[in-house]
Peer 1: 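Structure incoming, see below.
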Amino acid sequence: MCASLRSLGMNDEHDAPIARYDAALAGEIERRWQDEWEAAHTFWAPNPAGPLADDRDPRADAEKLYVLDMFPYPSGAGLHVGHPLGYIGTDVFARFHRMNGRNVLHALGYDAFGLPAEQYALETGQHPRAATEANVANMRRQLRALGLGHDPRRSVSTTDVSYYRWTQWIFLKIFGSWYDAEADRARPIEELVAELERGDRPGPDGAAWADLDDLARRAFVDAHRLAYLEEAPVNWCPGLGTVLANEEVTADGRSDRGNFPVFKRPLKQWKLRITAYTDRLLADLDLIDWPEPIKTMQRNWIGRSTGASIRFPVVVHDGLEIEVFTTRPDTLFGATYMVLAPEHDLVDRIVPAEWPVDTPSAWRGSFGVDVLPADAVRAYREFASAKTEFERQAEGREKTGVFTGAFATNPATGDPIPVFIADYVLMGYGTGAIMAVPGQDERDWEFAEEFGLPIVRTVQPPPGPNGEEWEGRAYVGEGPAINSGFLDGLGVDEAKVRMGGWLLEVGAGAPTVTSKLRDWLFSRQRYWGEPFPIVYDEHGMPHAVPEDQLAVELPEVEDFRPRELDPDDADSDPEPPLARAEAWLEVELDLGDGPKRYVRETNTMPQWAGSCWYYLRYLDPTNEDALVDPAVERYWMQPGGVDLYVGGVEHAVLHLLYARFWHKVLFDLGHVSTPEPFHRLYNQGYIQAPAFRDERGIAVEASEVVERDGAFFHGDEPVTREFGKMGKSLKNVVTPDDISRDYGADTLRLYEMFMGPLDASRPWSTADIVGVHKFLQRAWRSVVDEETGEIRVADEPADAETRRVLHRTIAAVRDDMAELKFNTAIARLFELNNHLTKVVSDRGAAPRDVVEQFVLMLSPLTPHIAEELWRRLGHPGSLAYELFPVADPAELLDESVEVPVQVNGKVRSRISVPADADQAAIEATARADDRIGSLLADATVRKVIVVPGRLVNFVVG
RNA sequence: GCCCGGGUGGUGGAAUGGCAGACACGGCGGACUCAAAAUCCGCUGCUCGCAAGGGCAUGAGGGUUCGAAUCCCUCCCCGGGCACCA
């Protein structure tokens with residue numbers, strides 16, 4: 001038997017009262033109620049139409065509430081106690097509102113495509129589907145044991161064919177759409193084709209539509225689609241046969257797994273045109289009730305900025321120009337050199353055969369003194385391609401680069417300025433080229449110092465307290481323009497506008513808007529994901545698989561590994577596992593011009609795809625004709641979308657941005673009725689746990705560590721403690737199964753909600769669980785006689801003090817639960833229970849009415865014990881739909897209040913005044929107080945602050 | 001490096017411009033018991049003082065205010081995200 005049980009005194013079973021609320025009794029109660037809820041369909045939420053509708057259900061007429069969790073990835077390790085934190089929170093919130101009469105939709109599905117199942121399949125040979133299904137079954141069991149009130153009919157898995165059929169359908173809708181900038185919304189691609197055919201819209205380069213051949217027309221139309229094929233730079237690892245995430249690439253440019261070389265190279269990939277939605281993704285943040293920091297993160301991620309595009313003619317090359325985007329066109333006069341991203345496609349065209357005379361040797365790169373410009377550029381490109389984008393941005397201090405040998409003309413000054421390549425300029429942002437203004441940009445300043453380039457200030461730095469604050473540094477702030485010709489004297493904003501106008505006038509550029517947001521790379525060279533509903537014809541042009549042929553099911557393959565190629569061959573192309581499913585790969589279809597053979601797309605979709613729309617499928621999980629019935633969608637989603645969405649802050653940008661994007665496309669095309677998917681967002685924290693490392697820095701099993709004299713030991717070996725995310729790598733996992741076994745699921749639920757505010761991360765401490773467990777034992781004892789198991793309540797009315805405590809508790813708990821402040825709600829219930837313990841001890845029993853309201857308030861948090869007490873108190877049904885207690889305002893009024901009295905902000909005494917006393921009366925009472933009187937006797941009162949009901953402060957001089 | 005968040009007793013936390021430390025864990029003391037466990041009661045930020053009472057205290061430093069854990073500035077530390085982990 002485990003130590004924690006022994007310390008609770010549960011070992012001497014012959015001594016324990018027969019009806020003590022211990023782990024065994026809790027377990028029995030919990031299993032019984034979970035079965036009863038399941039049999040009675042307690043948490044089924046009726047739909048207004050379709051197979052999940054039920055007119056006879058009284059809940060059908062209630063106001064709806066849609067409470068949603070970010071669904072889990074069913075990992076093989078199962079749940080640890082960190083996972084259910086948010087799920088318990090939403091369950092408490094959902095149960096609370098069910099008791100306020102709402103028709104609550106609360107369900108949980110599984111985000112079951114993904115890399116770990118595929119890796120596991122590679123290691124064990126087990127099919128990813130088999131592993132995934134086993135993991136889902138295990139998680140279902142674990143979650144059921146927590147007593148979560150989910151509607152089980154709606155628990156979809158993204159890997160269900162009946163689910164991913166609709167993921168593919170949505171992809172086809174995106175593929176079948178284009179963004180009409182004038183209408184500012186997505187429209188079906190057929191409408192674009194019709195406009196082109198009618199001549200309402202110009203064709204490519206003004207060509208007449210009728211003059212184009214079929215392939216040219218198709219290419220032009222495809223270039224407008226919201227899903228399109230494009231070359232994108234990726235981390236290509238031929239040794240593994242796949243593309244890697246930046247985090248899978250080590251600092252020296254090799255793969256994390258296998259240590260193969262990784263090459264940055266362009267690869268043709270599916271992309272989704274999320275950038276078309278930049279402005280709406282920004283503007284519609286105002287429609288939703290999300291934490292302001294999350295909105296800020298999304299705004300920063302999108303990174304919309306206004307500035308100008310400016311063209312710099314390349315010296316000697318007639319007609320060749322380098323286009324840059326800058327947020328600071330006002331600083332153009334200070335642009336003393338240019339930088340291209342190493343991958344920029346202009347580089348090869350501008351590099352001369354010989355270095356210009358007087359080229360400093362430092363500009364020629366550190367790869368050999370006698371090299372030619374082309375060699376120096378090639379060597380630098382190799383050096384840069386070995387770094388990830390993250391490292392290139394993170395490098396910070398040290399600037400590297402090489403001169404291309406070419407010059408461009410600054411359109412403002414007319415001066416030729418040298419053109420460099422450097423890895424601090426990224427191909428993915430703006431045009432992949434910058435004008436460098438060292439005077440007003442810190443990175444440019446550092447680069448200029450490194451390479452001895454001229455620095456011209458075009459904004460006057462302020463004098464500063466010691467006059468030299470900006471000596472040797474770029475100045476990025478506000479100030480009058482200097483050294484800038486017609487801009488001199490203007491402030492930054494005014495100078496930007498003036499420069500924008502001048503650029504237009506002379507034809508050297510134009511004011512523009514840009515953003516950091518990039519189109520969404522949507523292809524993966526993996527097996528365990530949704531196949532694309534796309535086939536290619538003999539010209540390599542993509543076609544949609546007809547909707548009535550969905551789903552395109554994942555074929556069986558023998559090996560889930562992508563083809564592993566020569567590790568050093570940077571120019572090879574990936575062969576995803578699906579390329580080996582020969583029977584599946586080729587297909588005969590009639591797409592309008594007779595039966596023809598086509599080849600299927602062999603990439604799969606990223607895991608984000610399934611998680612972009614699952615909240616819509618919960619609404620109508622069995623619908624075979626539509627992804628969701630419109631009437632059902634309107635009922636649950638109007639007016640603003642999901643009422644409460646709870647999940648980790650780590651999804652603040654990617655998942656939440658991708659899901660908003662998909663939702664907006666579906667909105668534009670008329671498939672959903674709200675512009676935003678999630679009205680209110682709440683980010684729960686996550687549970688950290690102490691982890692221990694030995695002297696070599698190796699994590700040791702945390703449960704085996706003991707504390708002696710303030711130090712920690714694993715066996716006899718001293719170890720050091722740290723706190724980290726719970727998980728296998730830190731060997732600090734605590735499972736809900738263990739805690740339920742030792743204390744019961746209600747204790748686990750209550751502990752997780754009591755540990756701290758739901759939105760904060762906090763360390764797990766199994767030792768602290770006894771506190772909430774003892775609370776539940778006391779609550780049980782307030783109602784049940786432990787010796788006999790008989791119910792014990794008094795039918796006489798409560799005394800005034802008890803009524804007062806009860807109604808104050810109700811008022812506070814109600815407010816706290818509505819705001820998801822469960823930790824303080826629980827503290828109030830502790831206080832009520834402590835009071836009831838006194839009443840029972842004084843009078844032998846607590847009043848029935850008070851006990852019943854206490855049980856009802858407890859029930860969202862600890863539903864099993866509450867249902868059991870409710871039943872034993874004589875109520876036949878479940879309390880899930882009983883009215884949550886409401887405070888009697890008359891019981892909340894106080895006749896007098898105690899007010900602190902301060903002198904110069906320090907509390908010196910307290911006075912008791914009538915609750916409705918006015919300021920003068922309060923001040924008079926305070927002055928009459930002995931201590932205050934003596935303190936004020938020899939002093940001059942300069943000011944008196946009286947905040948009725950809060951405090952009195954005498955300011956003396 | 002950039003963006004976002006956080007730092008309060010021995011511990012988890014409460015207080016979001018007005019009594020710092022609610023509630024709980026741990027600790028100390030007491031009642032009950034042959035004894036222990038369980039249960040119940042009391043005390044428990046640090047510090048000076050026999051006491052009455054005083055001083056100090058919310059990561060560090062500065063500022064605003066009658067009054068700051070709370071608002072502002074600078075710095076330090078910890079966590080999350082940085083587009084193919086989910």
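Below, read A as the first sequence line, B as the second, and so on, with proteins coming before strands; counting in each chain starts at 1.
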Peer 1: Given B:G18, B:C84, B:G12, which nucleotide is nearest the side-chain atoms of A:R762?
Peer 2: B:G12
Peer 1: How would nucleotides 3-10 of chain B be written as a contact map, 5' to 3', with B for base contact, S for sugar-phosphate-only contact and - for no contact, using protein heavy atoms under 4.0 Å?
Peer 2: SSS-----
Peer 1: Using a heavy-atom cut-off of 4.0 Å across all strands, would you classify A:L244 as base, sugar-phosphate, or nothing?
Peer 2: sugar-phosphate
Peer 1: Which of these nucleotides, B:G80, B:A22, B:C84, is closest to any side-chain atom of A:Q525?
Peer 2: B:C84
Peer 1: What's the closest nucleotide to the side chain of A:Q269 if the choices are B:G12, B:A14, B:C84?
Peer 2: B:C84
Peer 1: Let's see if you can work this out: which of B:G12, B:G79, B:G18 has an atom nearest to the side-chain heavy atoms of A:V947?
Peer 2: B:G18
Peer 1: Measure CZ/A:F754 against P/B:A22 and give the value in whole Å, please.
Peer 2: 12 Å
Peer 1: For B:A14, give its Watson-Crick or G-U wobble partner with both distances under 3.5 Å, or none.
Peer 2: none
Peer 1: Say you pick atom C1' in B:A24 and the same atom in B:C73; how far apart are they, in whole Å?
Peer 2: 37 Å
Peer 1: Are side-chain N/O atoms of A:Y424 and A:D444 paired as donor and acceptor at under 3.5 Å?
Peer 2: yes
Peer 1: In this structure, how many angstroms lie between the C1' atom of B:C23 and the CZ atom of A:R778, rounded?
Peer 2: 11 Å
Peer 1: Taking the side chain of A:V243 as its heavy atoms from C-beta onward, which of B:A83, B:A86, B:C84 lies nearest to it?
Peer 2: B:C84
Peer 1: Go through B:G54, B:C40, B:A22 for me and flag the one nearest to the A:R781 side chain.
Peer 2: B:C40
Peer 1: Considering every strand shown, what is the Watson-Crick or G-U wobble mate of B:G79 when both distances are under 3.5 Å?
Peer 2: B:C4
Peer 1: B:C56 and B:G49: how far apart are their C1' atoms, nearest whole angstrom?
Peer 2: 15 Å
Peer 1: Rounded off to whole Å, could you give me the CE-to-P distance for the A:M139 and B:A86 pair?
Peer 2: 14 Å
Peer 1: Look at A:Q902 and B:G67 and indicate whether a side-chain polar atom (N or O) is within less than 4.0 Å of OP1 or OP2.
Peer 2: no
Peer 1: Can a side chain N or O of A:R524 be found less than 4.0 Å away from OP1 or OP2 on B:A83?
Peer 2: no
Peer 1: When the P atoms of B:A52 and B:U44 are considered, how many whole Å apart are they?
Peer 2: 13 Å
Peer 1: Using the C1' atom on both, measure B:A60 against B:C50 and round to a whole Å.
Peer 2: 38 Å
Peer 1: Between the base of B:C84 and the side chain of A:R526, is there a donor-acceptor distance below 3.5 Å?
Peer 2: yes
Peer 1: What interatomic distance, in whole Å, is found between C1' of B:G13 and the corresponding atom of B:A22?
Peer 2: 10 Å
Peer 1: CG of A:N834 versus C1' of B:C41: gap in Å, rounded?
Peer 2: 12 Å
Peer 1: Given side chains that start at C-beta, do those of A:P576 and A:P562 come closer than 4.5 Å, heavy atoms only?
Peer 2: no
Peer 1: Quick one: label A:H655 by what it contacts on the DNA or RNA (base, sugar-phosphate, nothing), any heavy atom closer than 4.0 Å.
Peer 2: nothing
Peer 1: What integer number of Å spans the P atoms of B:G21 and B:A57?
Peer 2: 16 Å
Peer 1: Rounded off to whole Å, could you give me the CZ-to-C1' distance for the A:R950 and B:G67 pair?
Peer 2: 13 Å
Peer 1: Using a heavy-atom cut-off of under 4.0 Å over every strand shown, decide if A:L115 touches base, sugar-phosphate, or nothing.
Peer 2: sugar-phosphate
Peer 1: Which part of the nucleic acid, if any, lies within contact of A:S523, taking any heavy atom under 4.0 Å across all strands shown: a base, the sugar-phosphate backbone alone, or nothing?
Peer 2: base
Peer 1: When the C1' atoms of B:G10 and B:C46 are considered, how many whole Å apart are they?
Peer 2: 12 Å
Peer 1: Contact class for A:S765 vs. all strands (heavy atom < 4.0 Å): base, sugar-phosphate, or nothing?
Peer 2: nothing
Peer 1: For nucleotides B:C78 and B:U8, find the distance between their P atoms and express it as a whole number of Å.
Peer 2: 14 Å
Peer 1: With the side chain of A:P763 defined as its heavy atoms from C-beta on, choose the nearest nucleotide among B:A86, B:C23, B:G13.
Peer 2: B:G13
Peer 1: In Watson-Crick or G-U wobble terms, both distances under 3.5 Å, what is the partner of B:C28?
Peer 2: B:G42
Peer 1: So, applying side chain to side chain contact (heavy atoms under 4.5 Å, CB included) with A:Y527, which one of A:T602, A:T604, A:L578, A:L122 is it?
Peer 2: A:L578
Peer 1: Is a side-chain N or O of A:S515 found less than 3.5 angstrom from the main chain of A:G303, in a donor-acceptor match?
Peer 2: no
Peer 1: Out of B:G67, B:G26, B:A86, which has the shortest distance to the side chain of A:V770?
Peer 2: B:G26
Peer 1: Which of these passes side chain to side chain contact (heavy atoms under 4.5 Å, CB included) with A:I294: A:V653, A:V649, A:L285?
Peer 2: A:V649
Peer 1: So A:Y87 and A:P72, do their side chains get closer than 4.5 Å, heavy atoms only?
Peer 2: yes
Peer 1: Parallel, tilted or perpendicular, judged at 30° and 60°: which one describes the rings of A:F775 and A:F854?
Peer 2: perpendicular
Peer 1: Between the main-chain N or O of A:I302 and the side-chain N or O of A:R304, is there a donor-acceptor pair closer than 3.5 Å?
Peer 2: no
Peer 1: Side chains of A:S75 and A:N135: is there a donor and an acceptor less than 3.5 Å apart?
Peer 2: no
Peer 1: Could you identify the nucleotide paired to B:A60, looking across every strand shown and requiring Watson-Crick or G-U wobble geometry with both distances under 3.5 Å?
Peer 2: B:U74
Peer 1: Is A:N953 touching bases, backbone alone, or none of the nucleic acid, heavy atoms closer than 4.0 Å?
Peer 2: base
Peer 1: Students often mix this up, so state it plainly: with edges at 30° and 60°, are the rings of A:W608 and A:H651 parallel, tilted or perpendicular?
Peer 2: perpendicular
Peer 1: Quick one: is A:N833 getting a side-chain N or O under 4.0 Å of the B:C23 phosphate, OP1 or OP2?
Peer 2: no
Peer 1: Does B:G9 fall in syn (glycosidic angle within 90° of 0) or anti?
Peer 2: syn
Peer 1: Could you check whether any side-chain heavy atom of A:F522 comes within less than 4.5 Å of a side-chain heavy atom of A:M605, counting everything from C-beta outward?
Peer 2: yes
Peer 1: Roughly how many Å is it from NE2 in A:H835 to P in B:A22, rounded to a whole number?
Peer 2: 20 Å
Peer 1: Ignoring backbone atoms, test whether A:R828 places a side-chain nitrogen or oxygen under 4.0 Å from the OP1 or OP2 oxygen of B:A14.
Peer 2: no
Peer 1: Should B:A68 form a Watson-Crick or G-U wobble pair with both distances under 3.5 Å, which nucleotide is its partner?
Peer 2: none
Peer 1: Take the protein atom CD of A:E118 and the nucleotide atom P of B:C84, then report the distance between them rounded to whole Å.
Peer 2: 16 Å
Peer 1: Can you measure A:I302 atom CD1 to B:C2 atom C1' for me and round it to whole angstrom units?
Peer 2: 17 Å
Peer 1: Map A:W520 and A:I945 onto RNA chain B by nearest heavy atom, then report which one ends up closer to the 5' terminus.
Peer 2: A:I945
Peer 1: Using the closest heavy atom to pick a nucleotide of RNA chain B for each, name whichever of A:P757 or A:V955 lands nearer the 5' end.
Peer 2: A:P757
Peer 1: Nearest to the side chain of A:R908, which nucleotide is it out of B:G55, B:C85, B:U39?
Peer 2: B:G55
